[in-house]
Enquirer: 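Take a look at the following structure, please.
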Amino acid sequence: MTVANAELSGAVLPRSFFARPAVEVAPELLGLWLWHGRTAVRIVEVEAYEPDDPASHSFIGPRPRTRSMFGPPGHLYVYRSYGVHWCANVVCDAPGVGSAVLLRAGEPMVGASLMAQRRAPASALRQLCSGPGKLCSALAIDATQDGVDLCRPGGSPRLSAPVGIDPGRGPTGWVPNPTDVIRTTRIGISKAIDQPWRWLLTGSPHVSRRAAQG
DNA sequence: CGAATGATGGTCT
DNA sequence: GACCATCATTCGT
């Protein structure tokens with residue numbers, strides 16, 4: 001990594017940040033950076049999935065595929081979607097609970113040209129990471145990263161706070177301004193469709209689908 | 001702009 | 001054999 005990128009990388013979050021239900025962690029992930037190798041995005045859209053949630057992969061209990069979802073918080077849970085795409089979650093709450101936040105979209109911050117290369121023929125900035133499958137493709141995240149610890153300084157992939165923000169400050173760490181966040185129902189599921197467990201950064205052109213006009 | 005659809009593979013019934 | 005936490009493309013308005 002270049003010196004400039006190292007300075008941009010910010011500080012990782014304490015594991016305690018993730019040791020809460022996904023519905024609490026999810027909105028606070030907005031604005032954080034997800035790094036993998038020489039590429040990084042700012043998270044602009046997330047969804048929470050909980051253990052008593054019929055839409056969650058954890059609903060039926062641990063399976064080989066969902067093993068990491070029941071592991072320690074702050075780790076990655078990666079699964080294959082529709083046999084074609086990869087989707088990445090941040091594991092939350094205590095080990096064994098089965099709570100996670102799906103990373104649905106990001107804004108390219110570092111290595112946009114490399115991400116465009118991986119996403120070819122797509123090239124427009126706002127198309128590179130505007131969906132959970134696109135995000136993993138752009139960041140080159142696949143089954144290899146399933147279970148990886150996102151809290152390791154210098155690790156890859158890893159989550160970090162914006163530059164200049166101390167993620168260890170305050171009771172829950174980094175918290176975005178509430179007026180910067182929009183809350184909606186989740187997308188692309190058939191069960192528990194009324195739970196308002198999707199959050200977006202207000203006005204971001206990098207989300208998978210804009211929120212309905214108020 | 002929106003609706004419809006095929007690709008493609010693992011998991012569950 | 002059905003069902004997907006999706007995406008890119010095609011076709012219709």
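This one's a predicted model, so the numbers in the text were calculated from it and none came from an experiment. A note on names: the letters A, B, ... follow the listed sequences, proteins ahead of strands, and every chain is numbered from 1.
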Enquirer: How is A:S137 classified with respect to the nucleic acid when contacts are heavy atoms under 4.0 Å: base, sugar-phosphate, or nothing?
Expert: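 No contact at all - A:S137 keeps every heavy atom at 4.0 Å or more from the nucleic acid.
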Enquirer: Categorize A:R186 for me: base, sugar-phosphate, or nothing, with a 4.0 angstrom heavy-atom threshold over every strand shown.
Expert: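 It contacts nothing in the nucleic acid.
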Enquirer: Among C:dT6, C:dA5, B:dC12, find the nucleotide with the atom closest to the side chain of A:H85.
Expert: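 Selected nucleotide (nearest to the side chain): C:dT6.
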Enquirer: Looking at the side chain of A:Y49, which of C:dA8, C:dA5, B:dC12 is the nearest nucleotide?
Expert: C:dA5
Enquirer: Are A:Y49 and A:F59 co-members of a hydrophobic cluster defined by side-chain heavy atoms under 4.5 Å apart?
Expert: no
Enquirer: Need one value for A:G83: base, sugar-phosphate or nothing, where a base atom within 4.0 Å counts as base even if backbone is also close, heavy atoms only.
Expert: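 Touches a base.
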Enquirer: Tell me the partner of C:dT9, counting only Watson-Crick (N1-N3 plus N6-O4 or O6-N4) or G-U wobble (N1-O2 and O6-N3) with both under 3.5 Å; none if nothing fits.
Expert: B:dA4
Enquirer: Where the side chain of A:K134 is defined as all heavy atoms beyond and including C-beta, which of C:dC7, C:dA5, B:dC12 is the nearest nucleotide?
Expert: C:dC7
Enquirer: For residues A:L135 and A:C129, report the shortest heavy-atom separation together with the two atoms involved.
Expert: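 Heavy-atom minimum between the residues: CD1-CB, 3.8 Å.
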Enquirer: So what does A:L102 hit on the nucleic acid, given a heavy-atom distance under 4.0 Å: a base, only sugar-phosphate, or nothing?
Expert: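 Since a base atom lies under 4.0 Å of A:L102, the category is base.
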Enquirer: Go through B:dG9, C:dC4, B:dC12 for me and flag the one nearest to the A:K191 side chain.
Expert: C:dC4
Enquirer: Provide, to the nearest angstrom, the distance between the OH atom belonging to A:Y77 and the C1' atom belonging to B:dT11.
Expert: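 It works out to 10 Å between those atoms.
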Enquirer: Between A:D149 and A:R158, does at least one N-O distance fall below 4.0 Å, as a salt bridge requires?
Expert: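 No, no charged N to carboxylate O under 4.0 Å.
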Enquirer: Find the distance A:R80:CZ to B:dT11:C1' and express it as a whole number of Å.
Expert: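 Atom CZ in A:R80 sits about 13 Å away from atom C1' in B:dT11.
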Enquirer: Would you kindly confirm whether A:V91 and A:L34 end up in one hydrophobic cluster when ILVMFWY residues are joined by side chain heavy atoms under 4.5 Å apart?
Expert: no
Enquirer: For A:M69 and A:A122, take the nucleotide of DNA chain C holding the closest heavy atom to each; which residue's nucleotide lies nearer the 5' end?
Expert: A:M69
Enquirer: Can you tell me how far P of C:dT6 sits from CD1 of A:I187, to the nearest Å?
Expert: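 After rounding, the reported distance stands at 8 Å.
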Enquirer: Nearest whole Å is fine: how far is C:dC7 C1' from A:W86 CH2?
Expert: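 Rounding to the nearest Å, CH2 of A:W86 and C1' of C:dC7 are 16 Å apart.
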Enquirer: Compare the minimum distances between each of B:dT8, C:dC4, C:dT6 and the side chain of A:V84, then state the nucleotide with the smallest one.
Expert: B:dT8
Enquirer: Pick base, sugar-phosphate or nothing for A:R209, based on heavy-atom distances below 4.0 Å to the nucleic acid.
Expert: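 Touches nothing.
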Enquirer: In plain terms, say whether A:R20 and A:E28 are close enough for a salt bridge, that is, a side-chain N and a carboxylate O under 4.0 Å apart.
Expert: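 Result for this pair is yes, salt bridge flagged.
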Enquirer: Would you mind reading off the distance between A:R119 atom CZ and C:dT9 atom P, rounded to a whole angstrom?
Expert: 10 Å
Enquirer: Using only side-chain N and O atoms of A:S190, determine if any of them is under 4.0 Å from OP1 or OP2 of C:dC4.
Expert: yes
Enquirer: Please evaluate the base of B:dA7 for a donor-acceptor partner in the side chain of A:Y82 within a cut-off of under 3.5 Å?
Expert: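 Between B:dA7 and A:Y82, which were checked side chain against base, a qualifying N/O pair under 3.5 Å is absent.
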Enquirer: Can you tell me the distance, in whole Å, between the CD atom of A:E45 and the C1' atom of C:dT6?
Expert: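 After rounding, the reported distance stands at 13 Å.
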Enquirer: Which residues pass the salt bridge (charged side-chain N to carboxylate O under 4.0 Å, His left out) test with A:D53, not counting sequence neighbours?
Expert: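 Partners of A:D53 by the salt bridge (charged side-chain N to carboxylate O under 4.0 Å, His left out) criterion, ordered by chain and then number, come out as A:R186.
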Enquirer: So if I take every side-chain heavy atom of A:P121 and compare against C:dA5, C:dT9, C:dC7, which nucleotide ends up nearest?
Expert: C:dT9
Enquirer: Using whole Å, report how far CZ of A:R65 lies from P of B:dG10.
Expert: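 Taking atom P of B:dG10 as the reference, CZ of A:R65 is at 11 Å.
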Enquirer: Distance check needed: C:dC4 C1' versus A:H57 NE2, whole Å only.
Expert: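 After rounding, the gap between these two atoms is 8 Å.
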